[in-house]
Structure formats: C-alpha cells, structure tokens
Amino acid sequence: MTKQVRTRFAPSPTGFMHVGNLRTALYAYLLAKSQKGNFVLRIEDTDQARYVENAVEVIYATLKSANLIHDEGPDVGGNYGPYIQSERKHLYKDYALELVKKGAAYYCFCEKHDEDEEVSQDEKTFIEGCPGHCANLSEAEIAEKLAKNTPYVIRQKINRDGSTTTFNDLVYGEVAIENKVLDDQILLKQDGMPTYNFANVVDDHLMNITHVVRGSEYLSSTPKYNLLYQAFGWDIPEYVHLPLIMGRDAEGNVSKLSKRHGSVSFENLVQEGYLPEAIINYIALLGWSPKSDREIFTLAELTEAFNTNGLNKAAAIFDYGKLRWMNSEYIKMMSADDFAKMAKAFAQIDGTALESKWQSLANLLQQRTEVLSDIPSMIDFLLEQPEYDTSLFNHKKSKASPETAKKVITDLLPEFEKLATFDGQAEQLNQMIMDYAAQNEIKVGQPMWGVRIAVSGKTVTPGGPGEIMELLGKEEALKRLNKALALIG
RNA sequence: GUCCCUAUCGUCUAGAGGCCUAGGACACAGGGUUUUCAUCCCUGCAACCGGGGUUCGAAUCCCCGUGGGGAUGCCA
C-alpha cells in the first residue's frame, strides 16, 4: 500500500496573506486532496522579533474564507502537534545536539555580524558561514566556553569537498548543486529558536510530511536540507517547488510580486471587491494548467483536475486585468439576492435616496460589475450629476449628436411631464422613446443616447434611460433634461 | 562576484520530434444581437529570444550565448 499523502502549509504569521503564499497553500491542499491525503497547517513563528498581534487569526480566516480546510493544525489539533513552532522549541535543541554528536553540526561562538558592515551586492562573495572557524574548536575549548555561558549558535557542518548533492523535484526534475557553494547555515539561533531551515526539516519529518510544496526560492538551499535528512538518517520527502509570482511596476520592471505592484494580500483583494472563489480560481491558473481550454473551476473541480504535471517552471506575472475578468464571471454567476446583499456593503448609499431602491439598482449592476469596489463610481451620478461636456452627445453608431439630443429632449419633455410619477415607469419611459423613434423613422439608439447622456452625464450607465429616470424620480429627471437643453444651447 | 532556475502572442498558457498554416483565455480593434451603453455572440490583431548542432523532419532533444528571475540573513 502506498503511503498516504500528507502536505503542509507553513506560513509565518506576518499579519497578511500574500497571494503567492495563498497559492502555495492552494497547491499543497490540492495535491493532498486530489489523492485523498491530509493537509496540515503549521505556524512558523520562530522569529520572535517579527511577532504580529492577531496574525495567526488572519491565517485561519484566510484559509476558511478560501475554503482550504486543513485536517490538522493548531486550532483543530491532530496526532502530530503542537502545530506552532514556538511551542515545539524544546524539541529542536535535542535534534541539533544530535547532529553535533554525529559531526554534522557544531557550536559557533562568533558574534553576530554587524548590520552596518554590509557588503555591497556587487562585490558580495561566498561566505562559508562561521567567520571564526569554530568548527575547529577542540572539545576542551567548547566545554570552557559553554561553562562560561558564552552565547552560541549551532551551525550545520558542510563538507566542502568536491562532492555534489543532487535531488529530484516533481516540477524541476533533477537539480545538482556542488557542496562547496553551500554555507554552514545556522540551525539553532542564539535565543534557542531554530531557524526556518532547521525547523522545517525536523517538523516535516516528525509530522510525516510526504510532499514539501514551497516556492522555488528554496531550490538552491534544498541540498542543505537533504544533507540534514541524511545526517539524521531520515527519508527525504518529495519536493514540489513552485514558480514564483512576479509583478510589473510602473517602469515596466519585473520582480517578486510585492505591495508596490498593487494589492497583493488576499485580505486587500477581498476588501477591493474580489470574490474569494475568483481569487482562488485565478491563482490556481497562475503557474498551473489543467491542460484544457477550461478556465472556470470551483475548488472541488480544481481538486478533481489537479495534477503536478500541469505545474509550470517559469515565473508568472500577476495580471490584475485577467483577475478582474474572472471576478466579473463569478459575479454574474451569483444569485440576484446574494449579489445585492454583498454589493450593498460597497455601494455607499446608506441614508441616501437610493437605499430603498437598492434591489432594482443592484439587478442593473450585476451584469456590469467587474470588481465590487467600482460600484460607488458607477452609481454616484444618480445622487449628483457630474459636470459633462456636450461632446458626449455625439455617438457615431446611433447617429446621435448634440443637435439630435436637443430635438428629442425638446419633443419628449412634455410627454414625460404628463406622467404623474416615474415610479415603476421605467418600461413605459423607454417605450415612449421607442415610439418617438418609430414616429420619426430614426434608429432607436439615437433618442436613447441623447436622453441617457442628459439624465446621467455618462456614456456607460447601469440600465437604460427609462431605468435611470425612474431611479432619479420625476422631479430630478426633468430637471436634468432641462439642464441639458440649456447646456446644448 | 558565485551558484541555481527559467525562456511560445503585451499577459496567463496549450504544445512530450511529423497532428503547427503554433491552439485557448485576458487585453485591444472591428462587426452583430438587444430598447441605448454595458452584457452576450462573431471576426481580427498578436508569439516559438539568438546561434550552432542531432534528425528525413525541431517550438519540442543537446550545446553555447543573451534576456529574465531567485539564492547567497541568528527572515521565512
């Protein structure tokens, strides 16, 4: 029987969820779930200086909102706990000492590097690690320093002979790196906490993780991990390194996706009005292909379709434009009620005349909304008409112009005035415009265009002239029509 | 500097030596449907980084360039 697949998502609590991290979580989830395996959440909080209040809650909330349900984790328990690394602190030292005993690690009593003596990027050269050759200390010297409580770290001892460490990656295939370019990385910090690199190896082994899914930035340090596994005599897990997600800045430069490229955290995107399902669907396709032309997938469908064969090697640029499109697809799929409810939180109409008309306005909006945060600017003209230029009355396709607008408004204004109220009369109002077009033997679009511009001041509006006039109410609508006549002159 | 990874339309990608006149999607442009704009539908535009091999045949395999990215932290 083959071993059950176990993957983990191991974020550090930084207070926000970068979409790159979320995609890593998604693939780890899909890999496990596509094979009926388990998905584990582990919190990597070994950097005490970076502690952020409530950051763990953000992680829980994000995974929940994205529907990436973990089978084990700090909040749900499991057989391999604790799942928070700071609570496992005591474990790591014993393992580090085991490596010292085996000759695969050593005490280093060197002082921390000065922050300000940083070498410039250009002349940066390979540093083996410990600057003071602590690896050569005699047992007596070590004992003496320990007796004096000299602060220390424990470093991995790399045999920088001519050998090469080779490993296989499910995405990148065989990768070989010469041991001489590996440094004696720190395993246990001065404060007794393990580094990420060490805690990972220990925890992944202890938690029985079968597939390590992580970003490709770890590709070049993977040999160091393997040397650790070997020193312990542990099985090396399968590696699934993922291509990075890049962003393009205003100057056109490409680099790891970060805040200067736009909103990159799941929370920010949701605040902007992207739906979690759309975000998940979009990032699933950023670096992975189902090998078909299909693009819209629910999480369950992704789980069904997922395969590591579809994973890409080259970095991908995050395209907000395509995310917008995908989001609009998800918005169109929502029920009218759900949309109205969700969109209201973005509409900023509480306490205005539009509040009571929200449901009908929302119905008009649903087919036209790409991102929910666009809604205020789509409907603000209903509350206050913007300044507009008479050139808007020109529309080639419907042969409309300021002149045709003037005529239609002049002719129709008295007709509109005859209606006692515009409430519930959207259809009737549109019908009057259509009848007018028929009587005058012109394309329907021509009078429609003129009235639309006059009552809205915009070329793109939710709904047609009739709908807009109803939403405005008789008084305001007629006021705007008169204003248009004055404007055209 | 050194090491590692990578390279198909502007962007996300399909392509496992002949199915490639390189397919799909976003964006963009044009047209159509609709009571106008939008939605929707159709059409168009647009790519194998360069040079050498291997082969009857290369987007696909190999090598060398070049471009891009990553690593080189007591961050993860």
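Every chain is numbered from 1, with letters handed out A, B, ... down the list of sequences.
- When only modelled atom types and interatomic distance are considered, A:Asp338 and A:Ser335 share a side-chain donor-acceptor pair under 3.5 Å.
- Note on A:Thr46: every side-chain N or O is 4.0 Å or more away from OP1 and OP2 of B:rC75.
- Applying the salt bridge (Lys or Arg N to Asp or Glu O under 4.0 Å) test to A:Asp435 and every residue at least two apart in sequence or in another chain returns nothing.
- Just one of A:Thr166, A:Asp161, A:Asn159 meets the side-chain contact (heavy atoms from CB on, under 4.5 Å) condition when paired with A:Ser163; it is A:Asp161.
- Put simply, A:Lys180 has no side-chain N or O that comes within less than 4.0 Å of OP1 or OP2 on B:rC3.
- Remark: the A:Arg8 side chain and the A:Asn200 side chain contain an N/O donor-acceptor pair separated by less than 3.5 Å.
- Residue side chain A:Arg368 reaches the base of B:rC37 through a donor-acceptor N/O pair under 3.5 Å, judged by distance alone.
- Legend: side-chain hydrogen bond (donor to acceptor under 3.5 Å, both in side chains) pairs involving residues 281-291 of chain A, not counting sequence neighbours, sorted by first then second residue: A:Asn281-A:Tyr330.
- Closest contact between the side chain of A:Lys332 and the listed nucleotides B:rC74, B:rU39, B:rC5 involves B:rU39.
- In this structure, A:Phe306 has its ring center closer than 6.0 angstrom to the ring center of A:Tyr27.
- No hydrogens or angles considered: nothing links the side chains of A:Ser373 and A:Glu272 as a donor-acceptor pair under 3.5 Å.
- Out of B:rG23, B:rU2, B:rC74, the shortest distance to the side chain of A:Asp293 is found at B:rG23.
- Among the atoms of the strands shown, none is found under 4.0 Å from any heavy atom of A:Met326.
- When the P atom is compared between B:rA46 and B:rA29, the two are found 16 Å apart, to the nearest whole Å.
- For A:Lys259 and A:Phe16, the positive end sits near the middle of the six-membered ring, less than 6.0 Å away and at most 45° from its axis.
- In this structure, A:Lys397 does not reach the B:rG31 phosphate: none of its side-chain N or O atoms is under 4.0 Å from OP1 or OP2.
- Within residues 453-472 of chain A, the residues approached by RNA chain B to less than 4.0 Å at the level of any non-hydrogen atom are A:Thr459, A:Val460, A:Thr461, A:Gly463, A:Gly464, A:Pro465, in residue-number order.
- When each of A:Leu99, A:Thr46, A:Ile154 is checked for a side-chain contact (heavy atoms from CB on, under 4.5 Å) with A:Phe198, only A:Leu99 meets the rule.
- Straight-line distance from the CG atom of A:Leu244 to the P atom of B:rA71: 7 Å, rounded to whole Å.
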Between N or O atoms, less than 3.5 Å apart, protein on one side and nucleotides 8-13 of chain B on the other: list the pairs.
from, atom 1, to, atom 2, distance (Å)
B:rC12, OP1, A:Ile317, N, 3.0
B:rC12, O2', A:Leu285, O, 3.0
B:rU13, OP1, A:Gly287, N, 2.8

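- Taking the six-membered ring where tryptophan is involved, the planes of A:Trp449 and A:His395 are essentially parallel, since the angle between them stays under 30° and well short of 60°.
- In this structure, A:Phe198 atom CZ and B:rA76 atom C1' are separated by 16 Å, rounded to whole Å.
- Here the nucleotide nearest the side chain of A:Lys256, chosen from B:rG69, B:rA71, B:rA76, is B:rA71.
- Looking at residues 168-177 of chain A, you'll see A:Tyr172, A:Val175, A:Ala176, A:Ile177 sit with a heavy atom under 4.0 Å from some atom of RNA chain B.
- In summary, the side chains of A:Arg214 and A:His241 do present a donor paired with an acceptor at a separation below 3.5 Å, with no hydrogens or angles considered.
- Residue A:Glu427 places its CD atom among 12 or fewer non-hydrogen atoms of other residues, nucleotides or ligands, all under 6.0 Å distant.
- If you check the side chains of A:Asn394 and A:Ser401, you find no donor sitting under 3.5 Å from an acceptor.
- Across the protein-nucleic acid pair, A:Asn307 atom CG and B:rA16 atom C1' stand 14 Å apart, rounded to whole Å.
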Produce the list of close N/O pairs, under 3.5 Å, pairing protein atoms with atoms of nucleotides 41-51 of chain B; give distances to one decimal.
none

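- If you check the side chains of A:Asp45 and A:Ser86, you find a donor sitting under 3.5 Å from an acceptor.
- Rounded to whole Å, the distance from CG on A:Asp374 to P on B:rA38 is 17 Å.
- Atom NZ in A:Lys313 sits roughly 11 Å away from atom C1' in B:rA16 (whole-Å rounding).
- Contacts of A:Glu44 with the nucleic acid, taken as non-hydrogen atoms under 4.0 Å apart, involve only primed sugar atoms and P, OP1 or OP2.
- Under the Watson-Crick or G-U wobble criterion, with both distances below 3.5 Å, B:rG67 is paired with B:rU6.
- Backbone-only engagement by A:Glu329 is indicated by non-hydrogen atom pairs under 4.0 Å involving sugar-phosphate atoms exclusively.
- Counting any heavy atom pair closer than 4.0 Å across all strands shown, A:Asn430 reaches a base atom.
- Judged by distance alone with a 3.5 Å cut-off, a donor-acceptor contact links the side chain of A:Tyr218 to the base of B:rA76.
- Contact annotation for A:Val153: base contact, defined as any heavy-atom pair under 4.0 Å involving a base atom.
- Look at OH on A:Tyr196: it is 16 Å from P on B:rG73, rounded to the nearest Å.
- Judged by distance alone, the side chain of A:Thr150 and the main-chain N or O of A:Lys145 form a donor-acceptor pair under 3.5 Å.
- A:Phe381 has its CZ atom 11 Å from the C1' atom of B:rC37, to the nearest Å.
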